[in-house]
S.K.: 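Structure incoming, see below.
In what follows, every heavy atom counts, from backbone to side chain, and hydrogens, waters and symmetry copies are set aside.
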Amino acid sequence: MSVLEISNLHVQVETDQGPKEILKGVDLTLNSDEIHAIMGPNGSGKSTLASSIAGHPAYEVTEGSVKLDGEEVLEMSVDERAKAGLFLAMQYPVEIPGVTLSNFLRTAKTAIDGEAPAIRGWLKEVRGSMDNLRMGNEFLERNVNEGFSGGEKKRAEILQLELLKPKFAVLDETDSGLDVDALRIVSEGVNRVKGDTGMGVLLITHYTRILRYIKPDFVHVFVDGRVADEGGAELAEKLENEGYDSYLHAAQA
């Protein structure tokens, strides 16, 4: 059993007007085999939380801690966080010209495990995962995300997730830009990894549609950089019906 514990997390970014605090004391504990959905309006700090956990240099942690199995994540470099078992599926996956998906995947797997995977078994695993995600083998020789559609980029993210098998996955609006078929395939991939490995999932989303496929154990509502409400899956249904207005009015009061 692994645990990711976020305590009193304060994060700021630099703007033209000076530092701006985005997260204002976030507390959240995620255990293995749990799915936590983070929901909230634009600008509430959801993606800032994801980027801060992953170690994006634009986000300065001014107070608090993020611990993985008791080890302080904030003291780790980005690659050390990945090796410790953290994975970020980005809202806007970047293109990497000159690096094929095949080379990228094997290099990442080697870095995570500390040794290169055996070729025959590795190729079988890669192709099996790609078949599950409805990705043709030709993607392996294409540069990472270069010329990929939005849905193809998100599938490539979940392909990495399946092959790297982290302890915890932070999925930052993985559902954005997906049609119904792609949403189902991507969701099935997340559920497959969780079922096989007991991975914990922190799922950041605006909408409840992905929660019809990836069932959350807990839902946290972010407003103005804080957790404004928490509950089970029924809270997502309330948000679907009522929106965030009541939380926004309370935050402004």
Side-chain angles (χ1 to χ4, degrees), residues 2 4 30 32-37 50 53-54 68 79 81-96 99-145 148-179 181-205 210-211 213-216:
S2 289
L4 181 66
L30 172 62
S32 295
D33 211 32
E34 291 179 350
I35 297 176
H36 290 240
I53 293 172
L68 175 57
D79 62 307
R81 298 180 197 208
K83 290 175 183 176
L86 294 176
F87 179 92
L88 172 65
M90 293 182 284
Q91 183 177 356
Y92 304 109
V94 297
E95 297 182 1
I96 309 179
V99 179
T100 65
L101 183 59
S102 176
N103 286 338
F104 175 80
L105 292 170
R106 193 160 192 267
T107 300
K109 184 66 171 177
T110 300
I112 294 295
D113 290 354
E115 60 181 2
I119 288 291
R120 183 171 296 180
W122 172 246
L123 286 176
K124 182 179 179 181
E125 185 178 1
V126 170
R127 286 171 177 160
S129 294
M130 293 180 74
D131 285 345
N132 288 333
L133 292 164
R134 314 293 195 274
M135 297 179 70
N137 289 335
E138 68 275 7
F139 279 95
L140 290 174
E141 301 311 314
R142 294 174 62 180
N143 293 335
V144 178
N145 292 327
F148 287 22
S149 69
E152 288 167 348
K153 288 180 179 180
K154 297 301 176 76
R155 293 187 201 198
E157 293 275 281
I158 304 306
L159 176 63
Q160 297 168 44
L161 181 68
E162 286 210 52
L163 296 171
L164 298 180
K165 299 176 174 61
K167 293 179 180 177
F168 293 98
V170 180
L171 309 180
D172 188 9
E173 299 198 29
T174 297
D175 52 337
S176 65
L178 297 183
D179 61 27
D181 289 333
L183 178 65
R184 178 179 51 80
I185 292 167
V186 163
S187 299
E188 287 173 352
V190 174
N191 289 329
R192 194 162 47 244
V193 180
K194 178 181 177 292
D196 290 343
T197 68
M199 168 188 73
V201 179
L202 193 64
L203 175 61
I204 295 169
T205 182
I210 194 171
L211 303 183
Y213 299 96
I214 303 176
K215 303 294 187 180

S.K.: For the side chain of R155 and the backbone of L133, is there at least one donor-acceptor N/O pair under 3.5 Å apart?
M.R.: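 Side chain of R155 to backbone of L133, a donor-acceptor pair under 3.5 Å: yes, one is there.
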S.K.: What's the spacing between K194 NZ and D33 CG if we round to 0.5 Å?
M.R.: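 The NZ atom of K194 sits 4.0 Å away from the CG atom of D33.
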S.K.: Would the distance check show the side chain of S187 and the main-chain N or O of I214 forming a donor-acceptor pair, the cut-off being under 3.5 Å?
M.R.: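 It does not hold such a pair.
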S.K.: Does T100 form a side-chain contact (heavy atoms from CB on, under 4.5 Å) with N143? I'd like the steps, not just the answer.
M.R.: CA-CA 4 Å; T100 65; N143 293 335; 4.1 Å; yes
S.K.: Compare every heavy atom of N137 with every heavy atom of M130, then report the nearest pair and how far apart it is.
M.R.: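 Result for this residue pair: CE-CA, 4.2 Å.
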S.K.: For A84 versus L68, what's the shortest heavy-atom pair and its separation?
M.R.: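 Residues A84 and L68, closest heavy atoms: O-CD2, 3.3 Å.
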S.K.: Quick one, N191 and K215 - any side-chain contact, counting heavy atoms below 4.5 Å?
M.R.: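 Contact flag for N191/K215 side chains = no.
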S.K.: Could you tell me whether E115 atom CD has more than 12 heavy atoms of other residues or ligands within 6.0 Å of it?
M.R.: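 For E115, atom CD is not crowded (no more than 12 foreign heavy atoms under 6.0 Å).
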S.K.: Quick one: closest heavy-atom pair of L161 and M199, and the distance?
M.R.: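 Heavy atoms of L161 and M199 come nearest at CD1-SD, 3.6 Å.
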S.K.: Evaluate the side-chain proximity of E125 to L163: yes if any heavy-atom separation is below 4.5 Å, no if none is.
M.R.: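 Result yes, sub-4.5 Å side-chain heavy-atom pair found.
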S.K.: So V193 and E162, side-chain contact (heavy atoms from CB on, under 4.5 Å) or not? Walk me through it.
M.R.: CA-CA 6 Å; V193 180; E162 286 210 52; 3.4 Å; yes
S.K.: Is there a donor-acceptor pair under 3.5 Å between the side chain of K153 and the backbone N or O of E95?
M.R.: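 Here the side-chain-to-backbone pair does not exist.
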S.K.: Which heavy atom of I185 sits nearest to which heavy atom of R134, and what is that distance?
M.R.: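 Taking I185 first and R134 second, the nearest heavy atoms are CD1-CG, 3.4 Å.
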S.K.: Report the distance from atom CG of L88 to atom CG of L86, rounding to the nearest 0.5 Å.
M.R.: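 With rounding to 0.5 Å, CG (L88) is 9.5 Å from CG (L86).
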S.K.: Could you walk me through whether V190 and I35 satisfy the side-chain contact (heavy atoms from CB on, under 4.5 Å) test, starting with their C-alpha distance in whole Å, then the side-chain angles of each, then the deciding distance to 0.1 Å, before giving a yes or no?
M.R.: CA-CA 10 Å; V190 174; I35 297 176; 5.9 Å; no
S.K.: How long is the span from the CE atom in M90 to the CG atom in D172, to the nearest 0.5 Å?
M.R.: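 Here the interatomic distance stands at 9.5 Å.
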S.K.: Which atom names give the shortest non-hydrogen contact between P166 and G85, and what distance separates them?
M.R.: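 Answer, listing the atom of P166 first, then G85: CB-O, 3.3 Å.
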S.K.: Salt bridge or not between R192 and D196? Use side-chain N to carboxylate O under 4.0 Å.
M.R.: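 The answer is no: the pair does not qualify as a salt bridge.
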S.K.: CG/N145 to NZ/K154 distance, rounded to the nearest 0.5 angstrom?
M.R.: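 N145 atom CG to K154 atom NZ measures 10.5 Å (nearest 0.5 Å).
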S.K.: Determine whether a donor-acceptor pair (N or O, by modelled atom type, separation under 3.5 Å) exists between the side chain of R184 and the backbone of Y213.
M.R.: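 No; zero donor-acceptor contacts below 3.5 Å.
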S.K.: If you measure from CD on Q91 to CG on D175, what distance do you get to the nearest 0.5 Å?
M.R.: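 Here the interatomic distance stands at 9.0 Å.
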S.K.: How close do M135 and L101 get, counting heavy atoms only, and between which atoms?
M.R.: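 Heavy atoms only, the tightest pair is CE-CD2, 4.4 Å.
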S.K.: Which residue pairs satisfy the ring pair (Phe, Tyr, Trp, His ring centres under 6.0 Å) criterion with at least one member in residues 105-144, sequence neighbours excluded?
M.R.: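 Every ring pair (Phe, Tyr, Trp, His ring centres under 6.0 Å) pair that includes a residue of residues 105-144, provided the two are not neighbours, is F139-F148.
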S.K.: Please report the interatomic distance CG(L30) to NZ(K167), rounded to the nearest 0.5 Å.
M.R.: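 Spacing of CG (L30) from NZ (K167) equals 12.5 Å.
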S.K.: List in chain and number order the residues that pass salt bridge (Lys or Arg N to Asp or Glu O under 4.0 Å) with D131, two or more places apart in sequence or in another chain; answer none if no residue qualifies.
M.R.: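 Once residues adjacent in sequence are excluded, D131 has no partner under the salt bridge (Lys or Arg N to Asp or Glu O under 4.0 Å) criterion.
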S.K.: Run the side-chain contact (heavy atoms from CB on, under 4.5 Å) check on I210 and L183 step by step: do they pass?
M.R.: CA-CA 7 Å; I210 194 171; L183 178 65; 3.7 Å; yes
